[in-house]
Amino acid sequence: MTMPLDATRQAPASAGQSREADLAPAILEASGLTVGYGAPPPIVAGFDLTIRRGEFVGLLGESGCGKSTAAYALLGLARPPGRISAGRVAFKGQDLLTMPAARQREIRGKHIGLIVQNPRGALNPMLRVGRQIGNVWRAHNAGSATRAEEHAVEMLKLVGINDPKRRTEAFAHELSGGMAQRVLIAIALSSTPELLIADEPTSGLDVTIQAQLLDQMWQSTRRTHSSVLLITQETGIVANYCDRVLVMREGRIVEDMTAAAYRRAPRRSLLGAGNKAKTLATPGEDDQAAPVLAVDHVSRFFPVPGSTKRVQAVSDVSFDIAAGETLGLVGESGSGKTTVGRCLLRLIEPSEGRVLYRGEPLNTLGKTGMRRIRSKLQIVLQDPYDSLDPRWSILQTLSEPLKLHTDLSGAGRAKRVEELLAQVDLPKTVAALRPRDLGSGALQRINIARALACAPDFIVLDEPTSVLAPAARTSLVELLLRLQAELGVSFLFISHDLTTVSQICHRIAVMYLSQVVEVGTTEQVFRDPQHPYTRALLASHLDPHPEERRVDRAVQERLAGEIPSPIDLPKGCYLQSRCPHAVERCATEPQKLVRAADGRMLRCWRVLADELGGSDIPLVHDA
Amino acid sequence: MLLRYIGRRVAVSIVQLLGLVVVVFFLIRLMPADPVARLVGLNASKEAYAQASHSLGLDQPLLTQFLQYFGLDGRGGGLLEGHLGVSWVTNGSVLTEIGQTLPVTIQLLTLSFIITLLIAVPVGIAGASRPGGAFDRGVFVYGLFGGSQPEFWWGLMFIFVFFFKLGIAPAPLGLVNPMDMPSEPITGFILLDSLLRGEFDVFLDVLWHLALPTLTLVFILSGPIIKMVRQNMVRALGSDFVLYARAAGLRESTVTRYAFRIALAPALTLVGILYGVMLGGAVLVETVFSLGGIGQYAVRAVLAFDYPAIQGVVLVITSISLGIYLVLDLVYAVIDPRVARS
Ligand SMILES: Nc1ncnc2c1ncn2[C@@H]1O[C@H](COP(=O)(O)OP(=O)(O)OP(=O)(O)O)[C@@H](O)[C@H]1O
Ligand code: SF4
Ligand SMILES: [Mg+2]
């Protein structure tokens with residue numbers, strides 16, 4: 001990722017590709033582009049870039065480095081009170097910033113399409129989306145309102161929206177994030193632009209939807225030979241779709257290399273580099289011992305206000321966690337991961353089923369019994385700011401569980417707080433600070449320290465790394481691995497970040513729409529995923545591969561459509577509406593979680609009957 | 001769906017109104033005031049006082065008075081049958097008196113608000129299109145200037161300039177030439193009635209008489225409404241979807257329309273609230289121009305401790321305000337589909 005510029009330029013394999021691109025004429029050129037929001041320094045400062053015809057260019061940059069500001073500036077726009085104060089943008093050689101407004105308007109939307117980060121905010125909340133697509137089309141093409149409406153339906157169909165006619169009638173707030181993003185893609189592509197600028201088009205979307213969308217974008221722009229500037233923070237996206245990679249830092253481009261060179265640059269990957277074997281402690285092999293925690297057919301539903309229906313958040317989930325083991329719980333948003341985690345600690349009562357702590361059912365425990373066990377079962381939440389009281393110092397925060405569950409004196413507690421801070425690699429001076437003085441990485445460590453205060457056996461980690469920057473994420477994973485080796489605690493690690501999961505978990509449970517569909521060792525699940533959902537989930541995972549891109553190979557394990565609502569669940573197999581392997585029987589027969597010959601648990605009769613064959617995902621590789 | 005919503009809102013409004021009437025009924029009677037003395041004079045004999053007190057019903061226990069007012073005492077003719085009672089001062093029906101004064105005010109306010117909106121909307125939008133520009137700053141100064149003086153002052157200034165000095169405005173003595181015989185009202189709104197009768201000369205004459213009071217109100221109202229439109233417009237123009245609409249190459253007029261629709265809803269709320277406030281609050285302008293509106297009637301009723309008239313005015317003004325809020329909510333739901341769902 002930090003390869004020096006000249007070295008990558010010389011990379012032999014990239015030479016052919018880049019020479020070809022060099023020959024193509026430039027579509028968009030920016031030089032010295034500078035945008036500020038009043039107070040200096042400018043957010044975009046001396047931004048240079050060239051995009052050639054037919055190129056798929058990736059722009060990588062961390063949050064806040066000015067990517068979105070630059071994207072609008074390339075169209076000659078800035079969000080008020082921002083202003084483009086210097087620089088030049090040329091579209092096919094014509095200066096975009098100085099040309100008459102009418103000509104500018106023609107280029108925006110007709111020749112350059114834009115997709116932005118927050119699709120629901122970018123759509124007019126008061127107009128039906130069909131009208132909005134039509135309005136953009138009519139601004140650039142001669143045609144009647146009826147023709148525009150037809151065009152809107154065609155565009156929505158093109159970007160893969162089911163039932164496009166009905167969707168044109170929807171308002172932005174009635175769409176899911178994925179669908180709103182598709183509408184934006186439809187708007188951006190409606191006049192077949194020569195250049196598409198996509199600013200984090202899939203941030204906040206689930207991985208299977210992300211892959212669907214990016215595939216579609218790739219296909220439609222290839223079909224029309226359009227160029228693409230894809231702005232993102234995710235290295236995986238860049239590595240899997242782009243021809244050329246730019247890296248942006250503090251408002252300017254600092255690196256420019258071919259994607260092939262970029263992919264070969266050393267970095268972490270799934271099960272990569274064998275570092276897992278070194279750092280992941282093996283849990284107690286003693287099969288006889290009762291698991292620390294056993295989940296036994298737990299379900300949980302929530303009533304829907306003002307209706308007799310209910311949201312099925314968790315259906316019939318069972319698994320065990322051994323001492324010193326980490327079980328990963330993966331799945332897309334809304335699949336029920338968080339609810340499972342909370343049911344384990346009785347923060348939410350299960351509607352059905354039981355949870356056993358060292359063989360003792362938690363649901364029969366009274367207040368005092370539960371209090372005794374509560375100090376042994378802890379939870380760390382996603383947003384470190386939310387879970388800490390901003391008025392309390394770190395010392396107070398960490399002393400509180402000690403006051404509650406131990407009889408340590410004030411001095412004893414202060415000493416224990418020091419120990420805890422040392423355990424999570426923070427200096428003891430932190431004790432005097434308040435949450436607002438700390439970054440999110442450090443705050444998440446405080447949350448972990450608080451969970452560790454009473455020497456627990458088991459901690460639920462609910463997406464603990466998802467709000468952290470990549471560097472903080474890596475060091476938090478290292479910390480968790482070390483703590484487990486030292487203290488022997490068990491973790492339930494909830495996450496949709498498969499890379500992190502693969503680094504930290506012994507076993508993995510995959511959830512889809514309230515059910516567990518597959519449980520197996522990390523090795524089994526990542527090297528040879530069996531359930532169609534697991535296969536698609538892993539195939540959607542955009543991990544950089546040194547040799548090839550996702551778009552260069554035929555991906556078969558792809559899901560269709562959107563995730564059904566947990567209020568109206570499908571009748572038979574829950575995946576049936578999206579599964580590429582579904583047959584008639586799947587639509588009627590509810591699936592049970594059954595143990596397969598190799599020891600893993602699966603919820604798909606076709607896999608169990610060996611009808612699907614091996615997975616063909618060349619995803620996992622040893623770098 | 002919509003009808004049910006309206007029905008529910010109206011039902012709630014009626015309950016609110018009844019509650020308000022009850023509260024007002026007892027509150028004014030708790031005031032340390034003596035309406036009888038005010039009526040018969042301080043020098044009146046004990047007998048005259050007692051007789052007056054009896055004829056007003058004030059010698060009865062509070063509860064009996066209350067039942068009587070609502071028409072629950074078996075004799076009928078109370079509020080529940082739509083009677084607002086008889087004014088203690090004029091002996092006329094309160095309902096009739098309000099029916100004469102209210103249209104005057106509504107006519108004045110409606111005309112003023114329409115003109116204000118016709119000015120404020122384009123001016124606000126123009127100011128928002130270049131915030132901090134010369135035009136925007138000019139409008140800001142105007143708002144400060146207009147709002148810094150009370151409305152009766154502006155009214156007097158206009159009379160001084162346009163009537164005394166220039167002589168192009170009529171004397172501030174009501175809506176019609178005092179010499180003319182007023183015709184029987186049809187709706188009570190003189191402008192409307194004259195049109196219905198086809199008397200265009202009367203129509204123009206009334207408009208002429210309304211010019212200065214309307215000008216005064218427009219002058220006062222346009223400041224805050226322009227400011228509101230401008231601010232909402234600035235916010236809307238800075239929002240994501242407007243920026244995106246520009247990036248999609250929509251015409252400037254379409255972009256403005258997108259933004260205006262968002263800016264409209266909060267501006268309408270202000271207009272609705274101001275209208276409700278001005279119903280009772282236009283009294284100064286009404287007085288300066290001797291228009292005889294509901295504001296003047298209310299003040300007269302309060303000064304004379306004319307309880308039935310006070311209660312009637314409160315009831316009528318509040319019901320109009322509640323009606324305006326209901327209409328505003330419906331308009332909201334039409335312009336913003338997000339509201340309709342919730
Ligand atoms: N309207 C504004 N006024 C002032 N500062 C702003 C405004 N919009 C953005 N900024 C600042 O400009 C910087 C860059 O913002 P920008 O949205 O371009 O970053 P980004 O790289 O796209 O970030 P992310 O990955 O979070 O989307 C940030 O520090 C942000 O706080
Ligand atoms: S049961 Fe059928 S629909 Fe469900 S995952 Fe298996 S093959 Fe797909
Ligand atoms: Mg951004």
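Keep in mind the model is a prediction, meaning the values are calculated, not measured. Chain identifiers are assigned alphabetically (A, B, ...) following the order of the sequence lines, protein sequences preceding nucleic acid strands; residue numbering begins at 1 within each chain.
Between chain A and the residues B:Leu243, B:Ile335, B:Thr254, the largest count of heavy-atom pairs under 4.5 Å involves B:Leu243. Interface check for chain B: of the options A:Asn135, A:Ile107, A:Leu75, A:Asn124, the most heavy-atom pairs under 4.5 Å are formed by A:Asn124. Taking A:Ala139, A:Pro193, A:Ala122, A:Gly109 one by one and counting their heavy-atom pairs under 4.5 Å with chain B, the maximum is reached by A:Ala122.
Around the CZ atom of A:Arg83, the shell of radius 6.0 Å holds no more than 12 heavy atoms that belong to other residues, nucleotides or ligands. Within a 6.0 Å sphere centred on CZ of B:Arg9, heavy atoms belonging to other residues, nucleotides or ligands number more than 12. Heavy-atom neighbours of B:Phe70 CZ from other residues, nucleotides or ligands within 6.0 Å: above the threshold of 12. Counting heavy atoms of neighbouring residues, nucleotides and ligands inside a 6.0 Å radius, atom CZ of B:Phe145 does not exceed 12 of them.
Interface remark: A:Ala101 contributes no atoms to any contact with chain B (heavy atom separation under 4.5 Å). Contacts between A:Leu77 and chain B at a heavy-atom distance below 4.5 Å involve the side chain alone, from C-beta outward. Heavy atoms of A:Arg138 lying under 4.5 Å from chain B belong exclusively to its backbone. For chain A, the nearby parts of B:Ile262 are the backbone and the side chain; heavy atoms of each come within less than 4.5 Å. A:Ile197 does not touch chain B: none of its heavy atoms, backbone or side chain, sits under 4.5 Å away.
For the atom pair CZ of B:Phe260 and CE of A:Met126, the computed distance is 11.0 Å after rounding to the nearest 0.5 Å.
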Is there a side chain to side chain contact (heavy atoms under 4.5 Å, CB included) between A:Gln132 and B:Tyr258 once you walk through the steps? CA-CA 10 Å; A:Gln132 297 187 54; B:Tyr258 275 25; 4.2 Å; yes
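The pair B:Asp240-A:Arg79 meets the salt-bridge criterion, with a side-chain N (NZ, NE, NH1 or NH2) lying under 4.0 Å from an Asp/Glu carboxylate O.
Taking all atoms of both residues into account, the shortest heavy-atom contact from A:Arg108 to B:Arg246 is CD-O, 3.3 Å. Of all the heavy atoms in B:Leu237 and A:Pro80, the pair that sits closest is O-CG, 4.3 Å.
Listed for the B:Tyr244 side chain is no donor-acceptor partner under 3.5 Å among the backbone atoms of A:Ile115. Remark: the backbone N or O of B:Leu250 is not paired with any side-chain donor or acceptor of A:His140 at under 3.5 angstrom.
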